[in-house]
> 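I'd like to ask you about the structure that follows.
Numbering of residues begins at 1 and proceeds along the displayed sequence.
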Amino acid sequence: MFASKRLMITAFLVIFLSSCISPHGSIFSPYPGSGRAKVTAEHGAKSSQVSQNNHEAGLIEEDLSEERVLNASAGENFAAVNASGQAGPGEKNHGQNNKQAIMDEAIDFLGQAQLLWEKGEIEKALKLLDEAYYLLLDINGDPEIAWQKDDLRVMIAKKIVEIYASRSNVAAGYQSEIPLVINDDVKKAIRRFQGSERKFFISSYKRSGRYRPMILEQLREAGLPEELSWLPLVESGFKIRALSKARALGLWQIIPSTGYMYGLKRDHWIDERMDPEKSTRAAIAYLGELHGIFGDWLTVLAAYNCGEGRVLRTISRQHVNYLDNFWDLYHQLPTETSNYVPRFLATLQILKDPEKYGIDLNLEQEKPAPFDTVKTEKSVRLKDVAKGLHASEKTLNFLNSELRYKTTPNTYDLKIPSGMKKEFALIINKIPKAKRPGGAKYIRYKVKKGDTLSVLSRRYKSSVNAIIAANRLTSKHSIRAGKWLKIPSRGYVYSKKPQKPALKEGGVAGYRVKKGDSLWLIARRFSTTVSEIKRLNGLRKNNLTIGQVIRIRSSSAGDNAVSAKTCVVKKGDTLSSIALKNGIRLDRLFKLNSFNKNTLIHP
C-alpha cells in the first residue's frame with residue numbers, strides 16, 4: 001500500500017516537471033509573471049551552489065541551475081521590496097500570486113530533490129528538502145492555499161523519511177539494529193517489570209519458547225532485526241488469544257483492518273490473527289513496510305502501536321530532520337505509545353542482562369509442538385477429534401488456535417500431533433458432524449406501542465418462547481414501548497428455564513452460574529436478595545464467572561415466604577383484586593412480578 005502511495009507521489013512530480021520543460025530544454029515556471037515571493041537572495045545562492053557542484057551530472061542539472069538563477073534574481077527583487085518597507089503600487093494586488101509562487105518554488109525543490117536522490121546524492125537532496133520546507137514556513141493566514149501547504153508539508157516529510165530509509169537498507173538486510181536506549185522512561189518501565197509486572201514478564205518469557213524459533217526464522221528471512229522477536233511479549237505476553245479494547249487480537253495484536261490488508265482471513269469459523277505463523281508473516285510484512293516509510297526502528301515501533309497515519313501527521317508538524325531526535329517526536333504521540341516503546345526497550349535491556357536487574361530467567365521454556373496436517377471434509381469439533389485420537393484436547397486447541405469456536409468448517413487443513421495421521425484416517429468417519437457453532441443470529445428490535453410478542457414472532461419468523469428465553473422475560477406480556485428486544489432468527493433452539501433446586505424453607509443448595517447470570521437475576525429467581533447471596537458465599541463484589549458454584553438459601557420463615565403460582569389475568573382483574581383473591585399482600589405481588597404502581601395488566 002505504501003509503495004503504491006510512493007509511486008503516486010513520484011508520478012505527480014514527473015508530470016509536474018515535464019509540464020515545466022520548454023521545447024528548448026529549459027525549465028520555466030507554469031505560472032507566467034508570478035514572482036518568487038519571499039525567497040531571499042541567500043536561497044538563490046544556495047540553490048545555485050548545489051547546481052554548480054553537480055555540473056558534471058549533465059544537461060538536466062544545468063537546466064535546474066538556470067532555473068535557480070532565475071529564482072535567485074526573483075528573490076533579490078522581492079528582498080529589495082521588503083527592504084524598503086513598502087510594496088510597489090502593483091505588488092499589493094499580487095499577494096496571492098506571490099504566495100502561490102512560493103508554493104511553486106517548494107514543489108520545484110521537491111522535484112529537484114527527487115532527481116538528486118535518484119542519482120545517489122542524498123545529502124544534497126536533503127538540503128533541498130530543507131529549503132522547500134522553510135519556504136512553506138513563510139506562508140500563513142491564507143485559507144485558499146492552506147490545504148496545498150499541508151499536503152506539500154506531508155509530501156516533504158514523507159520524502160525525508162524515505163531518503164533516510166534508503167540510507168539504512170542494504171542487500172543482506174538492515175545495517176543497524178534497534179538502538180538499546182536508556183533514559184528515564186526506559187528505567188521506569190524496567191522498574192515496573194522488576195516489581196508489579198515481574199510475574200507477567202516471567203510467565204511471558206516461559207511462553208515465548210513455544211513461538212520464538214518460528215518468529216526468528218521468519219525475521220531472518222525478511223532481513224529484520226532479531227530483537228523484534230520479543231515484541232509479542234510487550235504486545236500480548238505471547239498469548240495467542242489476547243484481545244485488547246481496540247479489538248487487536250493475537251500474538252502481535254493486529255486490528256481487523258490491518259489483518260485484512262495483509263491477507264489474514266476472518267470469518268464465522270476462523271480468525272487467522274490467532275494463528276501464530278500466519279499472524280507473524282503479516283506482522284513482519286507490516287513492520288517492513290513501516291521501516292520503508294520511516295527508516296528508524298523506534299519510529300517504526302511507535303507507528304506499529306498507534307498507526308502510521310498518526311505518526312506522519314505528527315512528523316508533518318515538526319521541523320525537518322526530526323529523525324535526529326526521535327524522543328522529541330515520541331513525546332507528542334498518544335500516552336499508550338509513550339509507554340509502549342520504553343517497555344520494549346526495557347524488555348531488551350532485561351533480557352540482555354537479567355541478573356543485573358534481579359530477574360531469574362534460568363527456567364525451562366515451553367517447547368514448540370510438532371504436528372502433521374490432515375484435510376477434513378466435514379465440520380468436526382476438536383473435542384471429538386481429541387477423544388478419537390486419545391490425544392490432549394489442549395494440544396489440539398493450541399495447534400488449531402485460529403478456530404474461533406474450536407470447530408472446523410466443512411473443509412479445513414487440521415493440525416494434529418505428529419505421527420497420528422493413520423489413527424486420524426481410521427477414526428474420522430466415526431466422528432459426528434458438528435453443528436454450526438456460535439449460537440443463534442439475533443435481530444435487535446425496539447418495541448413500539450401496540451407490539452406483542454406473538455406479532456413480533458410472526459413478523460421475524462421466530463417464536464414467542466424463543467423471544468422470552470433470549471430476553472429472560474417473566475411472561476409474554478412483560479414488554480413495553482421503548483424496550484429493546486433480541487429476536488432470535490429461525491432455527492434458534494431455546495432451553496427452558498433451569499429448574500430451581502428443591503429447597504426447603506430456609507434451606508441451602510448449590511447453583512452453577514451460567515452465561516448471562518447476575519446476582520440480581522439469581523436472587524430474583526430464587527426469591528432471595530443479592531446481599532443474602534453475597535453474605536452466604538463471602539462475596540465482596542457482584543462479579544460472577546461462568547461455571548462458578550454458589551450457595552442459595554430460600555426465603556426464611558421470618559420472611560413469610562409463600563410458594564409462587566401462576567395466575568392468568570381475566571377481564572376486569574386489577575392487581576388489588578388478584579392480591580386479595582390469592583391471599584397475598586399487594587407489595588409482595590409487585591415484588592414477585594417486578595411491577596410498580598404504574599404497571600398496567602392485560603387479559
> When rounded to the nearest 0.5 angstrom, what distance separates OG1 in Thr280 from CD in Glu217?
11.0 Å
> With a 4.5 Å limit on heavy-atom distance, are the side chains of Val380 and Pro432 in contact?
no
> Any side-chain donor-acceptor pair under 3.5 Å between Tyr286 and Glu308?
yes
> More than 12 heavy atoms of other residues, nucleotides or ligands under 6.0 Å from NZ of Lys356: yes or no?
no
> Check whether any side-chain heavy atom of Phe201 lies under 4.5 Å from a side-chain heavy atom of Thr347, and answer yes or no.
yes
> What's the shortest heavy-atom distance between Ile190 and Gln349, and which atoms?
CD1-CB, 4.1 Å
> Is the shortest side-chain heavy-atom distance between Trp269 and Thr408 below 4.5 Å?
no
> Give me the atom names and distance for the closest heavy-atom approach of Gln253 to Ser244.
OE1-CB, 3.4 Å
> In plain terms, say whether Lys430 and Asp384 are close enough for a salt bridge, that is, a side-chain N and a carboxylate O under 4.0 Å apart.
no
> With a 4.5 Å limit on heavy-atom distance, are the side chains of Val341 and Phe344 in contact?
no
> Assess whether a salt bridge exists between Arg192 and Glu197, defined as any Lys/Arg side-chain N lying under 4.0 Å from an Asp/Glu carboxylate O.
yes
> Output, in order, the C-alpha distance, side-chain angles, deciding distance and verdict of side chain to side chain contact (heavy atoms under 4.5 Å, CB included) for Glu272 and Arg266.
CA-CA 6 Å; Glu272 291 183 342; Arg266 183 170 175 265; over 6 Å; no
> Taking side chain as C-beta onward, heavy atoms only, is Lys433 less than 4.5 Å from Asn410?
yes
> For Glu402, what residues pass the salt bridge (charged side-chain N to carboxylate O under 4.0 Å, His left out) criterion, not counting sequence neighbours?
Lys278
> Is Arg210 close enough and on-axis enough to Phe398, meaning under 6.0 Å and within 45°, for cation-pi?
yes
> Do Glu235 and Tyr340 meet the criterion of a side-chain donor-acceptor pair at a distance under 3.5 Å?
yes
> Classify the ring geometry of Trp252 against Tyr304: parallel below 30°, tilted from 30° to 60°, perpendicular beyond 60°.
perpendicular
> Rounded to the nearest 0.5 Å, what separates atom CH2 in Trp230 from atom OG in Ser204?
9.5 Å
> Going by atom types only, do Ser229 and Arg212 share a side-chain donor-acceptor pair under 3.5 Å?
yes
> Please determine if Arg472 and Asp517 form a salt bridge, counting it only when a charged side-chain N lies under 4.0 Å from a carboxylate O.
yes
> From Leu129 CG over to Gln114 CD, what is the distance, rounded to the nearest 0.5 angstrom?
9.5 Å
> Any side-chain heavy atom of Pro409 within less than 4.5 Å of one from Ile270?
yes
> We want to know whether Lys406 and Asn400 form a side-chain donor-acceptor pair, criterion being a heavy-atom distance below 3.5 angstrom.
no
> Would you please indicate if the ring centroids of Tyr205 and Phe238 are separated by under 6.0 Å?
no
> What are the two closest non-hydrogen atoms of Ala391 and Pro417, and how far apart are they?
CB-CG, 4.3 Å
> To the nearest 0.5 Å, tell me how far Leu301 CG sits from Leu228 CG.
6.5 Å
> Mind checking whether Leu382 and Thr407 have side chains closer than 4.5 Å, heavy atoms only?
no
> Output all residues satisfying salt bridge (charged side-chain N to carboxylate O under 4.0 Å, His left out) with Asp413, sequence neighbours left out; order by chain, then residue number.
Lys375
> Start with the C-alpha distance between Arg381 and Tyr405, add both sets of side-chain angles, then the distance that settles side chain to side chain contact (heavy atoms under 4.5 Å, CB included), and finish with yes or no.
CA-CA 9 Å; Arg381 296 189 304 169; Tyr405 299 104; over 6 Å; no
> Could you grab the distance from atom OG of Ser279 to atom CD1 of Ile284, nearest 0.5 Å is fine?
9.5 Å
> Quick one: pull up NZ in Lys127 and CD in Glu121 and give me the separation to the nearest 0.5 Å.
12.5 Å
> Quick check: do Leu110 and Leu128 have side-chain heavy atoms less than 4.5 Å from each other?
no
> Considering non-hydrogen atoms only, spot the tightest contact between Gly288 and Leu224 and give its length.
N-CD2, 4.1 Å
